[in-house]
Amino acid sequence: MTDIVLQDLDSGLLTITMNRPDRRNALNPEMTLGLVEAARRAAEDHEVRAVLLKGAGGTFCVGGDVKSMAAGRAPLPFEAKMTNLRRAMEVSRILHEMQKPVVAQVDGAAAGAGLSIALACDLRVASESVKITTAFAKVGLTGDYGGTYFLTQMLGSAKARELYLLSPVLTAQEALALGMVTRVVPDAEVEAAARELAMSLAQGPSVTLGYIKRNINNAERLSLENCFDAEAFHHSRAGETADHKEAARAFVEKRKPVFQGH
């Protein structure tokens, strides 16, 4: 894959960068395939303990490349269009379900499918001046990349309906008040803050963090009894890890634990 999607692994943290700054990281077929490839690498590579997803040039992602859509190219048959879109949307599922924490650095703008991908991540660090919007209704589309699922799970159906049907442009503080972003920092600090948060997760008890993420994902769809069963299993498994034993020793010795990710 070309440099339209960059990958950099450092100390267990895989940074994935959408790299079309001239188009504000609008999604085209090459970028979506690169994102799926990078997300699969992150999920499968044992050297990767956490993920940071960001956009180049001070913008996260403005969604689909509307300029390209309007260029008048010969349209694909419906079946091919749907197949291609469904394949590209896998990036959101992989980010959401992988047993590794994922942080999004949300600056500039997060709109349409770009917002959906940010919502698929576990945590979102936003810059003060970022603009956030579902955008789809304004371009005559219904939404993709899981945005309706994530917003409904996150905020409830009433607020999801409002944000999709009316498509307001939210400020960072408005998004924070709704719970759509984790924290808001000054524009000049967003890159450092997002990396610091993601690196802290990469240096944490990786197996346990993965189990925590799975428990929360289970809570979105399983019964209480099944969630209890999964929590008991994962808690017991985590108790057998070297990281848990190190944390217990560090607690007794009144020092900061050093996790090895196993």
Side-chain angles (χ1 to χ4, degrees), residues 1-10 12-57 59-69 73 76-106 109-124 134-136 141-151 153 194 198 201-202 206 210 213-214 217 220:
M1 192 60 60
T2 68
D3 62 359
I4 200 167
V5 175
L6 306 177
Q7 299 183 48
D8 177 66
L9 180 60
D10 177 28
L13 176 63
L14 180 66
T15 300
I16 301 172
T17 305
M18 295 174 281
N19 191 33
R20 293 186 76 202
D22 57 316
R23 299 291 301 135
R24 302 186 74 201
N25 301 315
L27 299 169
N28 66 0
E30 187 178 11
M31 178 178 282
T32 58
L33 289 176
L35 285 171
V36 172
E37 178 186 273
R40 285 195 176 128
R41 182 263 178 104
E44 296 169 3
D45 188 342
H46 294 300
E47 297 298 314
V48 177
R49 297 172 60 180
V51 177
L52 173 61
L53 180 62
K54 58 188 285 191
T59 296
F60 182 73
C61 175
V62 294
D65 194 336
V66 178
K67 183 177 181 180
S68 176
M69 295 176 197
R73 295 177 301 176
L76 290 173
F78 174 80
E79 292 78 7
K81 185 186 302 183
M82 180 175 174
T83 297
N84 289 345
L85 177 58
R86 182 63 186 84
R87 184 184 300 121
M89 286 167 58
E90 278 294 282
V91 63
S92 292
R93 184 191 63 78
I94 298 169
L95 292 172
H96 183 65
E97 294 185 352
M98 73 168 69
Q99 281 192 254
K100 300 170 184 181
V102 183
V103 176
Q105 176 187 314
V106 186
L115 174 59
S116 300
I117 293 171
L119 295 173
C121 300
D122 300 302
L123 302 170
R124 285 155 292 281
T134 60
F136 291 108
L141 293 170
T142 61
D144 53 18
Y145 286 78
T148 51
Y149 173 86
F150 297 125
L151 268 187
Q153 291 286 348
L201 294 167
S206 302
K213 183 169 176 176
R214 179 172 285 187
N217 286 347
E220 294 176 340

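Quick caveat: nothing in here was measured; it's all calculated off a predicted structure.
- Using modelled atom types, one finds no donor on one side chain facing an acceptor on the other under 3.5 Å when comparing His96 with Gln153.
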Exercise for the section: For the pair Leu14 and Asp45, evaluate side-chain contact (heavy atoms from CB on, under 4.5 Å) and give the outcome as yes or no after the intermediate values. Expected result: CA-CA 10 Å; Leu14 180 66; Asp45 188 342; over 6 Å; no
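- Side-chain atoms of Leu35 and Leu95, non-hydrogen and from C-beta on, never get closer than 4.5 Å to each other.
- Across all non-hydrogen atoms, the minimal contact from Pro101 to Arg49 is CD-O, 3.6 Å.
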Exercise for the section: Determine, step by step, whether Thr17 and Asp8 satisfy the side-chain contact (heavy atoms from CB on, under 4.5 Å) criterion, reporting the C-alpha distance in whole Å, the side-chain angles of both residues, the deciding distance to 0.1 Å, and the verdict. Expected result: CA-CA 9 Å; Thr17 305; Asp8 177 66; over 6 Å; no
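- The CD atom of Glu97 sits 9.5 Å away from atom CZ of Arg214, with the distance rounded to the nearest 0.5 Å.
- Annotation for Ala50 and Ala198: closest pair CB-O, 3.8 Å, computed over non-hydrogen atoms.
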Exercise for the section: Decide side-chain contact (heavy atoms from CB on, under 4.5 Å) for Asp122 and Leu201; before the verdict, give the C-alpha distance in whole Å, the side-chain angles of both, and the deciding distance to 0.1 Å. Expected result: CA-CA 11 Å; Asp122 300 302; Leu201 294 167; over 6 Å; no
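- Side-chain contact between Gln7 and Val48 is absent, with no heavy-atom pair separated by less than 4.5 Å.
- Side-chain atoms of Lys100 and Lys213, non-hydrogen and from C-beta on, never get closer than 4.5 Å to each other.
- In this structure, Ser92 contributes its side chain and Ala120 its backbone to no donor-acceptor pair below 3.5 Å.
- Val103 and Ala194 make their closest contact through CG1-O, 4.1 Å (heavy atoms, listed as atom of the first residue, atom of the second, distance).
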Handout entry: Stepwise side-chain contact (heavy atoms from CB on, under 4.5 Å) check, Glu47 with Leu9
Key = CA-CA 8 Å; Glu47 297 298 314; Leu9 180 60; 3.9 Å; yes
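- Contact between Pro21 and Gly57 at its shortest, heavy atoms only, is CB-CA, 4.1 Å.
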Below 3.5 Å, can you tabulate the donor-acceptor pairs from side chains in residues 84-91 to any protein atom, sequence neighbours excluded?
residue: Asn84; atom: OD1; partner: Arg87; partner atom: NH1; Å: 3.1
residue: Asn84; atom: ND2; partner: Ala80; partner atom: O; Å: 3.4
residue: Arg86; atom: NH1; partner: Glu90; partner atom: OE2; Å: 2.9
residue: Arg86; atom: NH2; partner: Glu90; partner atom: OE2; Å: 3.4
residue: Glu90; atom: OE1; partner: Arg93; partner atom: NE; Å: 2.8
residue: Glu90; atom: OE1; partner: Arg93; partner atom: NH2; Å: 2.7
residue: Glu90; atom: OE2; partner: Arg93; partner atom: NE; Å: 3.2

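- Side chain of Arg24 to backbone of Thr59: no donor-acceptor contact under 3.5 angstrom is found.
- For Arg20, the side chain to side chain contact (heavy atoms under 4.5 Å, CB included) test picks out Ile4, Asp22, Arg23, Asn25, Ala26, Asn28, Met31, Asp65, with sequence neighbours left out.
- When each of Leu52, Val51, Ile94 is tested with Val102 by the rule side chain to side chain contact (heavy atoms under 4.5 Å, CB included), just one qualifies, namely Val51.
- Phe60 has its side chain out of reach of Leu115: every pair of non-hydrogen atoms, C-beta onward, lies at least 4.5 Å apart.
- One N or O on the side chain of Asn19 and one on the backbone of Asp3 form a donor-acceptor pair closer than 3.5 Å.
- Residues Met98 and Ala39 come closest through the heavy atom pair CE-O, 3.6 Å.
- Heavy atoms only, all atoms of each residue included: Tyr145 and Phe150 are closest at O-CE1, 3.7 Å.
- We find the OG1-CG distance between Thr134 and Leu141 to be 11.0 Å, quoted to the nearest 0.5 Å.
- Rounding to the nearest 0.5 angstrom, the gap separating the NZ atom in Lys54 from the CD1 atom in Ile16 is 12.0 Å.
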